[in-house]
*Asks:* 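Please see the structure below; I have some questions.
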Amino acid sequence: MAATDASPGGTATRGTRLIGAAAFVGVAWLVAFGLGFSPADRDQRESVRILYVHVPSAWLAYLAFVVTAVASGLYLFRRRHSLAWDRLAGASAEVGVLFMGITLVSGMLWGRLTWGVFWEWDARLTTTAFLFVTYIGYLAVRRLGGSHEQRARRSAVVALLAVLEIPLVHWSVVLWRSLHQEASVIRPDGDVKMDGLMLFTLFVGIVAFTLLYVWLVIHRQRTLTAEDALDDAGLDAAIAARRAEAVTAPEAV
Amino acid sequence: MEDAGFIIGSYVITFGAIAVYAWRVLRRSRRITTRVPDEAKPWT
Amino acid sequence: MESPVVELDGVVAVLGGFPALAGATLTVQRSEIVLLRGPNGAGKTTLLRVCAGLVPIARGQATVLGCDLAVDRAQVRPLVGLLGHRNGLYLDLSVQENVRFWGATVGATPLEVDAALERLGLAGRLAGLSVRRLSAGQQRRTALACLVARRAQLWLLDEPHAGLDAAARDEVDATLRQAAAAGATVVVASHELERAGALATRCVHVVGGQIEAEPVPR
Amino acid sequence: MTSWRIARLVAGKDLRIEWRSRVALNQVLPFAAVVMVMFAFALDRLPRPAGAEDSLLESVAPGLVWLASLFSLLLLVQRAFAVETDDGALDALRVARVDAGALFWGKTLALAAQLAVLEALLLVTAVLLYGTEVRASGVVLLIATWVAATFGLASVGTLYGGLAAGARGRETLLPLLLLPVVAPVLIGATRAVEAALGTGGTAIADGWPWVGVVAVFAVVFGAGGTLAFGPLIDE
């Protein structure tokens, strides 16, 4: 990344400032269109506005976990175990958990207005909640300590196991929900038909959230790189100190 | 706007949470990167 | 000259960011009993665990029993016996069951198991006792019997004499001499200087994560 | 030494330790029974609804049996790895380079054996305490669920137990990692047993797709465990 001005401190470069600015504009547009310009929905009236935040954050959360899984796979199966993949997996999982939390909260608010109840055990929401808890567990595994390689290997395996788990959970939850055929009239499941300005707003939302995701992951990944580098940099100093210990140690018996 | 509390609330929670997380990441990165030599930072 | 059993060259091993070994160089030939001496925290335990292939090597070169540890640490492990502060035994099982289990991991025959028990003076009544009820010395001897049953070629012992009375220490020393005589190689980290000094064929001083060779005290 | 023999060796060792120490028998089984009683305290407040042939407890009995099994699974897994880390045996296993897949299957088989006995006793407890009736026609389905769920839970328990073994804060890490993962088994096994027992009028045929879910879970985590166990417990 040929950054013209060396950053005084922090992980910003011209590229991230660009993405950050674009993300900010995207969010501004999303709020303007989402709350202001876009019309109310025929059936759901105003509550559809929450979807402009709920749906993009859900998509980006799933994207984040796909990135984590792919990065973990690359770390494990690539000859050159470069830790950059592991740090990307960690950064993406962290942002993914943030977005998944937002998805769940906004989903509950939307559910309260549309279905009259905060939580509805529908297949998608249940799988989302399951993913949220699974990746909180993943982040807990990342903090288990040990060398960077150990952390990377252990987290990569847990991330791949989590991916293995998603279809299983989804399948069993869908099968489970199909037992509840109670005909609920207004249950558009958020797949409300959107067109014109509403669809545009949703599109703005997805673009804004993607920019936010990229911007956050880049910064977080660089911070993790710096943290690892801090450990390693400390290593050379520690080795020197260790060697000095040998010189100064009184000639033991 | 009807149910404004919930709707605006969802936007505030969403972008509030993202802002807090972003601020914590940037604060930590500013604090750490000064103590790390430049060659360890591929982006500089 | 046969290739050395252990060949470390400038090995750096990091535990939680701390360089327990900071450039250790050591060569050990077959049937030697090498004594590692040095203050606490000098890196003796890490050195043993590196030779056992348990700790990744950050820098430097390490070959044990013909296996290059930088490439594949796991390959060397079945040939090595590591006895640390903890004996690695199943406390609820009896002495014999423990030795039979560890022997079985390399397919040792019941005869070999009995021979190992015999050698450590654990045959008869002791063999049937649950390890939990044994004294520290008897537990240590059981752990050594497991090493014998596992046909370990390289014995890595961390303070084997700790917590033992004089008689038990003699037995440990006798076992080590027998193992070395039978072609195994022994590396002992110990604070019992006068005793271990007499036992060791060579003495090495470990401090600050590095090794300084020393003439044999005798 | 074929890995199958090592797996049998490890399983034999684990079961012998359990036979000697009787921790599962004297502590985990009573715990499971207490959990079933606590469920009754918490849930059994309504008189049998008019017309319905099942009381509340009877209609949720399958779910409670599997819930009690899951909580007991946590204790059994922690015990299975406490045995290894008590005196540093896990390190010794690493040094002996016991093949990780064989070690995984050894621990899983031993755990499955204990879990199977525990689940059977829990079903008996449900019959005694909750008035559940086991109908003959549902027995085959019941046994199929029992086997599939036991293997699924045992393999995932061993896998995440190995990950948490020796780690700081493992007591709280294990439930966080394990309980979400076993959700498909909890859902599948409960529905399958409901079908087997005919709770709430469910037909036997409805149970078999659920046994499929649980069986796929067991296969996936059996294979996944064999591959992932090595890297997870390796130093």
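Note on naming: letters A, B, ... go to the chains in the order of the sequence lines (proteins, then strands), and numbering restarts at 1 for each one. All of these numbers come straight from a predicted model, not from anything done at the bench.
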*Asks:* So, using side chain to side chain contact (heavy atoms under 4.5 Å, CB included) as the criterion, who are the partners of C/A62 when residues are at least two apart?
*Replies:* C/L8, C/V11, C/I57, C/L69
*Asks:* Could you pull out all residues at least two apart from C/Q96 that satisfy side chain to side chain contact (heavy atoms under 4.5 Å, CB included)?
*Replies:*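 Partners of C/Q96 under the side chain to side chain contact (heavy atoms under 4.5 Å, CB included) test: C/S94, C/R100, C/D114, C/L117, C/A127.
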*Asks:* So do the side chains of D/T85 and D/D91 get within less than 4.5 Å of each other, counting heavy atoms only?
*Replies:*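 No, their side chains stay 4.5 Å or more apart.
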*Asks:* Would D/T226 and D/W105 count as having a side-chain donor-acceptor pair, cut-off 3.5 Å?
*Replies:* yes
*Asks:* Decide whether C/R140 and C/S135 meet the rule of one side-chain donor and one side-chain acceptor closer than 3.5 Å.
*Replies:* no
*Asks:* Can I get a per-line list of side-chain donor-acceptor pairs under 3.5 Å for residues 22-38 of chain D, giving both atom names and the distance, sequence neighbours left out?
*Replies:*
residue: D/R22; atom: NE; partner: D/W19; partner atom: O; Å: 3.4
residue: D/N26; atom: ND2; partner: D/R22; partner atom: O; Å: 3.3

*Asks:* Which residues from residues 80-92 of chain C are near chain D, with near meaning under 4.5 Å between non-hydrogen atoms?
*Replies:* C/V80, C/L82, C/R86, C/N87, C/G88, C/L89, C/Y90, C/L91, C/D92
*Asks:* Is C/E97 close to chain D through its backbone or its side chain, or both, or neither, when contacts mean heavy atoms under 4.5 Å?
*Replies:*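 Only the side chain of C/E97 comes within 4.5 Å of chain D.
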